[in-house]
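Scope of the values below: all heavy atoms of this structure, side chains included, with no hydrogens, waters or symmetry mates. In each ligand, atom 1 is the first atom listed, and ligand 1 is the first ligand listed.
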Amino acid sequence: MILAANFKMNHTRSSTKEYIDSLCRFLKKGNFDQDIEIYLFPPATALDSYECESVRIGAQNAYCAEEGSFTGEIGPVQLGEFGIETVLIGHSERRELFGESQELINKKFAFYKERGFEIFYCIGEKLDIRERGIEEVKSFLRRQLLNIDTDYENLIIAYEPVWAIGTGKSAHAEDIAEVMEFLGSITDAPLLYGGSVKAGNIESIISVEGCEGALIGTASWKVDSFCEIIERAQMRKRS
Ligand code: 13P
């Protein structure tokens with residue numbers, strides 16, 4: 001199971017360090033199953049090689065060039081300094097707020113795949129598509145997966161319906177199940193759900209057939225809240 005915290009534009013370098021220290025202490029004392037993998041995506045200024053073996057650090061965003069004149073961007077050289085080999089690609093906020101086209105996203109995917117990075121690839125429909133029914137949702141998601149190598153061995157797919165992100169309203173288990181089944185017919189990659197995941201719903205989300213974890217925004221920003229999510233997920237798994 002994968003539980004990943006996306007800090008988005010929250011936390012500083014020093015608060016990220018404090019967060020990781022607390023998280024690491026919590027993981028050590030809780031005797032956590034090795035097969036629960038914890039990831040943290042801090043803002044770029046807080047990327048570092050932290051001394052916490054049980055938490056993998058990834059980048060929320062990275063550009064598809066080795067290095068060069070790309071103001072404001074970071075790439076494999078900057079990530080390599082800290083041994084970071086995990087990157088998030090295609091988040092709906094990158095697509096919507098920063099105008100990342102599917103073409104750019106495909107380029108980023110190919111670039112980081114070529115370098116063997118672990119890629120968390122995010123897909124998800126907006127409300128108007130969801131309201132048109134599951135077949136529309138599937139054909140939209142299919143388009144977001146076009147030209148993405150769904151057989152890539154280091155791929156993780158996060159299904160994050162845009163209407164469920166930051167709204168406090170997670171998708172229903174049946175809706176998630178329907179999408180997981182569809183995605184499972186396309187790829188063997190681990191499938192995550194994201195969108196208003198919190199301690200109160202993590203157990204039902206990871207109980208959905210085919211769902212192998214969660215990508216968590218808001219409820220991961222406080223370390224105690226993220227730890228509670230981890231704890232409940234572990235309890236559910238053991239029961
Ligand atoms: P929220 O958990 O705040 O809905 O955000 C989900 C998300 O976008 C994770 O990438």
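Every atom of ligand 1 is numbered from 1 in the order shown, and the set under 4.0 Å from a heavy atom of Ala164 is 4 (O). Listed by number with element, the atoms of ligand 1 under 4.0 Å from a non-hydrogen atom of Asn6 are 9 (C), 10 (O). Every atom of ligand 1 is numbered from 1 in the order shown, and the set under 4.0 Å from a heavy atom of Lys8 is 5 (O), 6 (C), 7 (C), 8 (O). Within the listing of ligand 1, atoms 9 (C), 10 (O) sit less than 4.0 angstrom from a heavy atom of Leu215. Numbered from 1 in the order shown, with element, the atoms of ligand 1 that lie under 4.0 Å from a heavy atom of Gly166 read 1 (P), 3 (O), 4 (O).
Under the disulfide (SG to SG under 2.5 Å) criterion, Cys24 pairs with Cys52, not counting sequence neighbours.
Contacts of Ile165 with ligand 1, taken as heavy-atom pairs under 4.0 Å, involve both backbone and side chain.
Ligand 1 does not have Ala219 within reach: every non-hydrogen atom of the residue lies 4.0 Å or more from it.
With respect to atom 9 (C) of ligand 1, the closest heavy atom belonging to the protein is Glu160 OE2, 2.9 Å. Looking only at protein heavy atoms, the nearest one to atom 3 (O) of ligand 1 is Thr218 OG1, 2.4 Å.
Under 4.0 Å is where a charged nitrogen must lie from a carboxylate oxygen, and between Arg25 and Asp21 no such pair does. A salt bridge is absent between Glu37 and Arg56; no separation between the charged side-chain nitrogens and carboxylate oxygens falls under 4.0 Å. Taking a cutoff of 4.0 Å between a charged side-chain nitrogen and a carboxylate oxygen, Glu178 and Lys138 do not qualify as a salt bridge. The pair Glu100-Arg95 fails the salt-bridge criterion, with no side-chain N (NZ, NE, NH1 or NH2) lying under 4.0 Å from an Asp/Glu carboxylate O.
Polar contact check, Gly194 against ligand 1: no nitrogen or oxygen pair lies under 3.5 Å apart. Between Glu93 and ligand 1, not a single N/O pair is under 3.5 Å apart. An N or O contact shorter than 3.5 Å links Gly217 to ligand 1 by distance.
Formation of a donor-acceptor pair under 3.5 Å by the Arg115 side chain with backbone atoms of Phe111 is found in this model.
The distance from the CD1 atom of Ile229 to the CD atom of Glu203 is 11.0 Å, given to the nearest 0.5 Å.
Proximity of the aromatic rings of Tyr39 and Phe120 is defined here by a centroid distance below 6.0 angstrom, and this criterion is met.
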